[in-house]
Amino acid sequence: MRDTFHDVKTTYYERSYSADDEFWSDDHYQVLRCGGCKEVSFLHRSYFSEDTTNVRKPNGEWDVECTPTDQIYPPRLARPVPDWIGKISDHEVQQLLREVYVALQSGAFRLSTTGVRTVLERTMVNHVGDQGSFHSNLAAFVSAGHLPAGLREAFEIILDAGSASAHRAFEPDNDVFSHIMDALENMLWQIYVLPEKASSIKAATPPRPKKTSAAKRE
């Protein structure tokens, strides 16, 4: 858990033993309420007699302690859904992206990475048509000016990561997946959100004054 203050509302505890009483496990269940945001969550903290860690006590002697395993429901927010997601005019792309965040929230990195590839594919196909393969779609997407040529290789890598998750059981860690999502969100923002922002800026910007005939002669 994060180092935050939580008010414990309800606690339940039970211990279980193996058939020969050689091993045991403890389960602690708590309903918590965050002292800051007031969010209510459920904590399951479990201990197993054989899951231990050596620790040094204040007097310098070594001791053995059981290592707890925590499960929190709902899970901590892995990555916030961007507030501009509703600006994505393509309903299919928007729904696919929302599903990526749901999978990510559950810790399903393989599903999330495969989902990123699907979001990229549908975005490209919806703008340049289906060219027959991921890499052909990406080439057409770049040629049409939707993505800078300098970023083509980066998105080829991201597409390959999605393919590896689908076909080679590749599971990126949190840092790698964070880089993937940074790239995806940036691309989608530029395609679906930036044009509207630019229009707002243009509408708010006063026009240049017309040059007078005298100014033209000068």
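Just so it is clear, the structure is predicted and the values come from calculations on it, not from any experiment.
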In residues 50-61, what donor-acceptor pairs under 3.5 Å come from side-chain atoms, sequence neighbours left out?
{"from": "Thr53", "atom 1": "OG1", "to": "Thr67", "atom 2": "OG1", "distance (Å)": "2.5"}
{"from": "Arg56", "atom 1": "NH1", "to": "Gly60", "atom 2": "O", "distance (Å)": "2.9"}
{"from": "Asn59", "atom 1": "OD1", "to": "Glu61", "atom 2": "N", "distance (Å)": "2.9"}

Does [X] have any side chain to side chain contact (heavy atoms under 4.5 Å, CB included) partners at least two apart in sequence or in another chain, and if so, which?
X: Asp173; value: Asp175, Val176
X: Arg15; value: Tyr13, Tyr17, Trp24, Asp26
X: Ser46; value: Asp27, His44, Thr69

**Message:** If you apply the rule salt bridge (charged side-chain N to carboxylate O under 4.0 Å, His left out), what do you find for Arg79 with Asp182, and how did you get there?
**Reply:** CA-CA 11 Å; Arg79 187 182 182 98; Asp182 287 344; 2.6 Å; yes
**Verdict with reasoning, Leu32 to Val8, per side-chain contact (heavy atoms from CB on, under 4.5 Å)** = CA-CA 5 Å; Leu32 309 174; Val8 179; 3.7 Å; yes
**Co-members of Phe23 in a cluster of I, L, V, M, F, W and Y side chains, linked at under 4.5 Å** =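 Same cluster as Phe23: Phe48.
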**Item:** Counterpart residues, salt bridge (Lys or Arg N to Asp or Glu O under 4.0 Å), relative to Glu65 (two or more places apart)
**Value:** none
**Prompt:** How would you list, by chain and number, every residue that makes a salt bridge (Lys or Arg N to Asp or Glu O under 4.0 Å) with Arg117, sequence neighbours excluded?
**Reply:** none
Could you give the side-chain donor-acceptor pairs of residues 188-204 under 3.5 Å, partners two or more places apart or in another chain?
{"from": "Glu196", "atom 1": "OE2", "to": "Lys87", "atom 2": "NZ", "distance (Å)": "3.2"}
{"from": "Ser199", "atom 1": "OG", "to": "Pro195", "atom 2": "O", "distance (Å)": "3.0"}
{"from": "Ser200", "atom 1": "OG", "to": "Glu196", "atom 2": "O", "distance (Å)": "3.2"}

**Thr123 side chain reached by Met187 side chain, heavy atoms, under 4.5 Å** =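 Yes - at least one pair of side-chain heavy atoms lies under 4.5 Å apart.
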**Request:** Not counting sequence neighbours, which residues clear ring-ring contact (aromatic ring centres under 6.0 Å, His included) with Phe177? List them please.
**Result:** Phe109
**Request:** Please list, chain by chain and in numerical order, all residues satisfying ring-ring contact (aromatic ring centres under 6.0 Å, His included) with Tyr47, sequence neighbours excluded.
**Result:**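 Only His28 meet the ring-ring contact (aromatic ring centres under 6.0 Å, His included) criterion with Tyr47.
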**Request:** Determine, using the 4.5 Å side-chain heavy-atom cutoff (strictly less than), whether Val125 and Val119 are members of one ILVMFWY cluster.
**Result:**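 Different clusters.
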**Item:** Option passing side chain to side chain donor-acceptor pair (under 3.5 Å) with Gln94 (candidates Glu92, His91, Arg98)
**Value:**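 Among Glu92, His91, Arg98, the one meeting side chain to side chain donor-acceptor pair (under 3.5 Å) with Gln94 is Arg98.
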**Request:** Keeping to residues at least two apart or across chains, list the side chain to side chain donor-acceptor pair (under 3.5 Å) pairs with something in residues 125-141.
**Result:** Asp90-Asn126, Ser133-Ser136
Show every donor-acceptor pair shorter than 3.5 Å between a side-chain atom in residues 143-165 and any protein atom, with sequence neighbours excluded, or say none if there are none.
{"from": "Ser143", "atom 1": "OG", "to": "Ala139", "atom 2": "O", "distance (Å)": "2.9"}
{"from": "Arg152", "atom 1": "NE", "to": "Glu156", "atom 2": "OE2", "distance (Å)": "3.3"}
{"from": "Ser165", "atom 1": "OG", "to": "Ala161", "atom 2": "O", "distance (Å)": "3.3"}
{"from": "Ser165", "atom 1": "OG", "to": "Phe170", "atom 2": "O", "distance (Å)": "2.9"}

**Message:** Once rounded to the nearest 0.5 Å, what's the spacing between atom OH of Tyr29 and atom CG of Leu43?
**Reply:**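 Separation between the atoms: 11.0 Å.
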